[in-house]
Every structure is written in C-alpha cells, then in structure tokens.
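Reminder, nothing fancy here: chain letters follow the sequence lines and each chain counts from 1.
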Amino acid sequence: MSEQQSLAGIALTIVGTPRWSLEPDPRTPPGDPATLLIIDTDGVITAFSGKVEYGQGIRNGFAMEIADELDVAVDSVRIILGDTDLVPQDRGTTGSASTRTVGIQLRRAAATARLTLIDLAATRLEVGAGSLKTLDGRVVSEESPAGVEYADLLSGQTLTVDIPDVVEVKAVEEFQLMGRPARRIDAISRVTGAATYAQDVVVPGMLYGKILRPPSYGAKLAQVDSARAERVSGVVSVVQDGDFVGVVAEREDAAEYAVEAIRARWEESRDTASDWNIPALLKERAENPTSLREDGDLDLAFVSAERVFENTYYVPYVSNAQMEPSASVARWDGDHLTVWCANRGPFAERDSLAEMFGLDTSQVRVIAAEIGGSFGTKTPTVSHEAARLARAVDAPVRVSYDRAEEFGWSTVRPAATFEVKSGVDAGGKIVAWDYTAFHAGENAFRGQRGADTPYDVDNVRIAVAASESPLQSGSYRSLGGATNHFAREVHMDEIAIGLGLDPLEFRLSNLSHARLRACLVAAAKTFGWASREKRPGVGYGLAIGYDAGSFTAQCVEVLVENGEARVIRVMVGFDCGLVVNPDGARNQIEGSIVMGMGTALWEAVEFDGGRVLNAGFARYRVPRITDTPEIEVVFTGDDDMPSSGAGEPGIVPIAAAIANAVRDATGTAIEELPIVPRL
Amino acid sequence: MHLKVNDESHEVTVDAERTLLSVLRHELGLTGTKYGCGEGNCGACTVLIDGEATRSCITPVTSAGGREITTIEGLANGDKLHPVQEAFVEHTAFQCAYCTSGFIMSSAALLDRTPSPSDEQIQSALSGHICRCGAYVRILKAVKSAAEQDGVE
Ligand code: FES
Ligand code: FES
C-alpha cells in the first residue's frame, strides 16, 4: 500500500509540471505533470518532491514554505520525498538547486491551493473572493473573523487543480515562518532513534548479502573457490556472475564469515600511481584541457606586467566518509523491483537499475530512506549489488558496506593539480590570469565548478582538464568548487604578500562584484581584521568564494604550535539571497566549515598500487568536537533575491583561508593540502 | 542467553562472537543504535551498560548478559524526552543525525556523573565521537544547555 492510498481521502489535488530551473528553460522540456500537493478531507497537507533529505533540512524548508503560503502550522504539513512511485520526477538533489527550484514550485502549488480554498469559501459564504483571506487554517473575512476551516470547506470535495501559468506567491513581508529560526519538523524522530536510514531498512524475509572485494582497483578475478563459504552455517547461496561474487546468508555475521572463507585469486593491475607521485601524474595523464574562458591577450599582458607570479598547487583525494556507510535493500516481486537506498538521485538510480536489468522504468521503484550524510557519495553500486543478489536468491536482500569497504570502494573526492600564473601592474591591479586545473576522473567537467575567477581581470585563460584517476572519484560537497577555490585564493595571497599588500585590501581593489564585496567586508568587520594582532604562533587568513548561486567570504584565525594547527575562529559573510530558514542555513554553513577544515588540515586518502592504505578512522583523521572553532555567520543577502544554496558554498573558501592563515603564522607558503603533515 | 534492554528482558540465541551492536540491531530490531565503523572509532554505536557509555560495536554480546542496557529508544521516559534529547531538538544539534544517538547516549552518561560539566569535560567526553556533518558547535551548546536545565529542575 502506498502512502498516498493510506490517506483519509484526498479532497484537493494540485498538479503541476516539475521544474528544472527557476525560469522555464526552452532547452529542457518540462517534466510530465505530477501531483505536487494534496489536502485530504482532514485538512492534512501533503507535498511531494523527488528531492531527498540528507541532513540539509530540506523537508523542513519545504514544510515552512508551504505552511507560509497556506497559512497553517508547520506541523500540519507532511513532506514525501524521493519515492519514485509517488513523487514528481526529479533530477537529483545537488544541494543548492533544491530549495530554489522545487521550493518555488511547491510555493506555487500551495498558493494555488490557497486560492482554491478562497474560491470555495466565497461560494459558500456568498461573498466576493476579494474580501476573503486565509489565517490559521481557515478562510476568514472582516465580517466573519472565525471564518471556515479548510477541512470544512473541503469535506465532500474531490478537486484537481492545475497550477495556472501565473500564480502569485506571497511577498517576503508576509512570511510568518520563513526567515525565522525553527526546530526541524523531523527533530523528534532523529533524537529518539526512530528515523529509518538505509542501514535500518528491514523487509520481511530479508537476507543479508556481502560482496567479495578485489584486493585493489582494477583487479580481475582469475579463479574462485567458494566451497568453504557454502558450508558456513546460515549461508543461503554464493552468487557468482563474472567478477561479481557475493554471499547471501540468513544473518549478517554469517555473510561476513562466508565471504572471508572464499578463496580467490586476482590479477591486479599494478598501477604505479600512489599518493606520492600523483600530483605530477595528474598532469602527465591528463587529456587536453577544455578552455572555459579566453579573454584579451594573455601573452601581451604578461610581457607588460610589472610582476609575474607562477605556482603549482595540489589537493589530494579525500574521502567523503559520511557516517552512514552505504546500504541498500532490494526486493523483486516478479519482474518488478523495489529498492530502498540512500541515493541523492532516486530517479537516476531507478533508471540505472532499469537499464541494468533490461526493465522499463515503470517496473522499478526506488524509495529513498533517510540519508546518514552523503556529501555526494553513495553511488548506486550498492543498490545494484543488492538487486543482483536478490534476483539470484529470489528473496529480499540487504547489502551494507562496512567502514573499510566504504573507505576503499565508495567514491572519493578527486585529487587535482593546478597551475596558476598571474601578472600584476605597478598599481597592484591584476592584468593577467592563466589558470589550468587537472582534476582526476572522467567527470572533470565537474571540476569546472568554481574554476573561473570572480576578480576583475581583462586578460584571462581558464582551462580544465580531466586526468586518468587511479581511484574511483566521485562527488563531494561542492565538487570542484572547493578545490578550485583553494588554488585561486591561496594564489591571491601569494600575490598580495609578494607585493607587500594587505590581503583584504588587495582583494577589494581587484573586486567589483558587489555581492562578494559585501560578504568580504562583513566578514572582515565581524572578525576585526583591521585590528588583528600579531602574536607568536597565531595567524590570520581570508578567502572569498562563490558556488551554487551564493557568495561567501571567510576570515580565519589559527594557532600553529608543536606541529599542529588549530583553527580558533571563523567569521563568515554569506549571501544566499532570501534566507528561508536562517538556523538551517547556519547549521549547513558551520558543517561545511568543519568539513572543509578537515580537508585543509589532515585529510588525504593514502594509496599505492590501487590499494587504499588508510581505510579506517584510526588512520584517516577527521575533525572532532575538540577541533571545533568558534564560527559566526553574517547574512549579507537581499531578501528580494531568490534563495540560493547554503549547503555547499560554505566549504569553498575555508581551506584557502586556513592555508593563508597558517602561512601568516609560519611564514611558509602552503601549496599542497593537507597542511598538518607538512608542518 | 538473556539480555536486559530498556527494562525489557529478551531471550536470544546467538553466536557468542557476535557484537552487542549486531544483536541489538538485527535480532532485537533496535536500529536507533547505529553502525558507523565497527572499530570503536566513531561512537555511533554508543549505548549505556549499567549507566556507562559503551561502544556496542566492540562489545561481545556475552559480556552484556544480565546487565542493564539502555539504547536511544529507551532513553526517554514515555513521551517525555530526556533533557539531552530535548536540548538536541532545541539546538538542532544535527544535520543527518546519523551520529546523534551516540552523542546523546554519551552526553546522558556524562551528565549523570557530572551534572555541571565544563566545556572541556563535555569535549573530552565526546571526543571519541565523529559527526561528519560537523554539528559540533551545536552539540556543545545543546549539552551545556541540558546541563543547565537539569540543574534547575
Ligand atoms: S560503530 Fe562503534 S565506534 Fe563506530
Ligand atoms: S549529523 Fe550527520 S554525522 Fe552528525
């Protein structure tokens, strides 16, 4: 039984086409019309979105927007996310477009519902719609302040209304909930252990699967003997299909023992890449760079420049290491497949499963569970594995990664090498900027994110190249954005220091972008940049960033002593337009900063010959509560600007700001991450 | 064997080598306690054993026999949340909340022993936990406010 069917009875259905972008985009056809919002006869409002919740508080954001448009309490709104049989088609939850595009469409749906309710009341009360308004779940008027409850208006109705082309949503001044701090509507289930994550999904008759992993990337299975595994008590089956070998058992521990009992011989690829030689290899193994921008005459500009700076920067592979290891449950009902998982793109996952098994997409249902952190990883592989095993044994199967599998076999943030050459004139204006980035992995187009410079410069070349990756690279918080910003913003300090200029003044004198300037000025002011005091071991640094339609600047204080670096405080200027839920946005920004701090100071995947060498938290240092700096966020955005992302942009400048601060403390330039092992 | 979890007795027939975490989650269906690393390095699996914060992923189930085990599901008193749970809600001290059960259990154990801990005491009690979403600023605030709340009551 679907959730939709379990409702009391639907009185009002609002239908619209899902949108991919804020403004209708002629290049991409709109999605099929779908139910976006329903109100049942009890007055309970349910909205549907193909987005998923991975901790960004999206459910709450949507609920607030709908509650505001419909003038109801936020807890009378239910949000159904990421169930491909129930929700409108979606293109995946890439942090920042979520609140913007879907949020606006849901607001339009809610506004349509409000207008429908007003019309119903006008007919009922025999008054003009113009004299009516909505308040606390009722339609009221001057004459009738008690008004009529929505549930009352809807009783006996079964209406379906299309969102009209033009529907007015409320103005910012009319918001009651949006823009104010609020507790998350899912908070109770999160603190009582009731929320169901992919790891927690249990289906009747479910068996436990475990996959045989190769010893290294690219290894090919030469020989396998599973006789011992089959004899382990509790084992149902050992499934083999080419290189894919997995055990299905009645219990998780039995599956684990059995996989270890399989005797396998592998032919390893013996790739010579390791974390030691990768910075240079990235350039050697790269395809030709794609040019993103070529302005002016770079050669001439370098000849005429007063000073030229040229550096190479490097950012290693880092592990997403989200707290919930990947997990999935798959169940076949005849030729219909249902998969529970923690994927950010349930529709893409449905399509990939359909393709894998030669099914029509209507035969596959993907249900997104709560996601225990993602930051972009959680590739569909785990669902594919569960579905293959489930098909082989004809029973529901759960596959969950252990921590070592998660470190070794889920995707990592691509390593990247950057070559930056800049020229400045005698007045400290940047006149030439030549930037080439080599991002590991075929998805290097994503490495284009944040590659361009936001500073004023007339002669520019920006190029990005994809480089062969010895590890399986994948997404991450602001993939590309965070790494490109590191190179650019560290280089900005290189120039400033070379010219003997204050890093803040130097940036401001080369930056006319109003929103970025506002962030930078706000961060510097809150920080007390102008009055910062030089003390032994203490350093100050700043950086700016743009990502996902938002802008930010961060000022950082660090303390470097005894071979460790400690971030003391971070002051943030942040512009994401209208702030729907300030507390939620702050939470995301703080989290981005803590995460980015890990990449700046300690994190790097160590590997050699396709083997990950530090596949566990004991050898992969992540930020802990004892590392946490003081963080303050000042929102500088304009309420009239549409909301843009707050989930990712916070990470983009932090590594550079920390590196610049460490340089300020120690006098040594930081050109490679992570910092602490190099201190 | 016999397990006492959240004031309820359970008879379970399990392999002695299994961890308490695995039995709680897969035999008793108490999935609020999370698997994060299985190596004692992240704290996601923390439960109370006789009031002591313990990592269930490295605790053999046999060693928990006959002792009082409390999981996140048993921390609230009926509908009334434990003050630490209350404070985590109040401060939204999580994002994905996968780490939250563990943090709450350790914080509850801390406040039980040390009703008014210093910042350093809170940090050191929670230093074995990882929150990859980086909600630490809020977690610290939440535990502090729970301590104050408790003092008032
Ligand atoms: S799961 Fe037990 S400490 Fe990580
Ligand atoms: S809230 Fe996601 S790991 Fe802590």
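- Taking the side-chain contact (heavy atoms from CB on, under 4.5 Å) definition, one finds that A:Thr192 meets it with A:Ile188, A:Ala194, B:Leu81, B:Gln85, sequence neighbours left out.
- Residues that satisfy the side-chain contact (heavy atoms from CB on, under 4.5 Å) test with A:Arg586, not counting sequence neighbours, are A:Pro582, A:Glu590, A:Val633, A:Phe635, B:Arg138.
- Note that NZ of B:Lys34 and CD of A:Gln199 are 8.5 Å apart. Values are rounded to the nearest 0.5 Å.
- The shortest heavy-atom contact between A:Pro623 and B:Tyr136 is O-OH, 2.6 Å.
- Here the straight-line distance linking atom SG of B:Cys131 with atom CE of A:Met323 works out to 8.0 Å at 0.5 Å rounding.
- Residue B:Ser127 comes nearest to A:Thr626 through the heavy atom pair CB-CG2, 4.0 Å, listed as atom of the first residue, atom of the second, then distance.
- The one candidate from B:Val84, B:Thr100, B:Ile72 that meets the side-chain contact (heavy atoms from CB on, under 4.5 Å) condition with A:Val191 is B:Thr100.
- Heavy atoms of A:Phe407 lying under 4.5 Å from chain B are absent altogether.
- To the nearest 0.5 Å, atoms CG (A:Asp583) and NE2 (B:His91) are separated by 10.0 Å.
- Only the side chain of B:Glu27 comes within less than 4.5 Å of a heavy atom of chain A; its backbone N, CA, C and O stay farther away.
- Residues A:Phe617 and B:Gly36 approach most closely at CE1-O, 4.3 Å, considering heavy atoms.
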For the pair B:His26 and A:Arg398, evaluate side-chain contact (heavy atoms from CB on, under 4.5 Å) and give the outcome as yes or no after the intermediate values.
-> CA-CA 12 Å; B:His26 300 301; A:Arg398 166 186 193 262; 3.6 Å; yes
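- Only the backbone of A:Ala195 comes within less than 4.5 Å of a heavy atom of chain B; no side-chain atom from C-beta onward does.
- With a threshold of 4.5 angstrom between heavy atoms, A:Ile625 approaches chain B through its backbone and through its side chain.
- Atom SG of B:Cys133 and atom CE of A:Met595 lie 8.0 Å apart (nearest 0.5 Å).
- Judged by distance alone, the side chain of B:Gln95 and the main-chain N or O of A:Asn587 form a donor-acceptor pair under 3.5 Å.
- Atom CG of B:Asn77 sits in a sparse spot, with 12 or fewer heavy atoms from other residues, nucleotides or ligands closer than 6.0 Å.
- In this structure, CG on A:Asp186 lies 9.0 Å from OG1 on B:Thr92, to the nearest 0.5 angstrom.
- Judged by distance alone, with hydrogens and angles left aside, the side-chain atoms of B:Arg132 form no donor-acceptor pair with the main-chain N or O of A:Gly373 at under 3.5 Å.
- Rounding to the nearest 0.5 angstrom, the gap separating the OG atom in A:Ser400 from the CZ atom in B:Arg25 is 8.0 Å.
- Using a 4.5 Å heavy-atom cut-off against chain A, the contacting residues of residues 1-19 of chain B are B:Asp15, B:Glu17, B:Arg18.
- Residues A:Asp402 and B:Tyr35 are in side-chain contact: their nearest non-hydrogen atoms beyond the backbone lie under 4.5 Å apart.
- Using a 4.5 Å cut-off between heavy atoms, A:Gln588 contacts chain B through both its backbone and its side chain.
- For B:Glu39, the part sitting under 4.5 Å from any heavy atom of chain A is the side chain, from C-beta outward, and nothing else.
- Legend: residues meeting side-chain contact (heavy atoms from CB on, under 4.5 Å) with A:Ala368, ordered by chain and number and at least two apart, are A:Val52.
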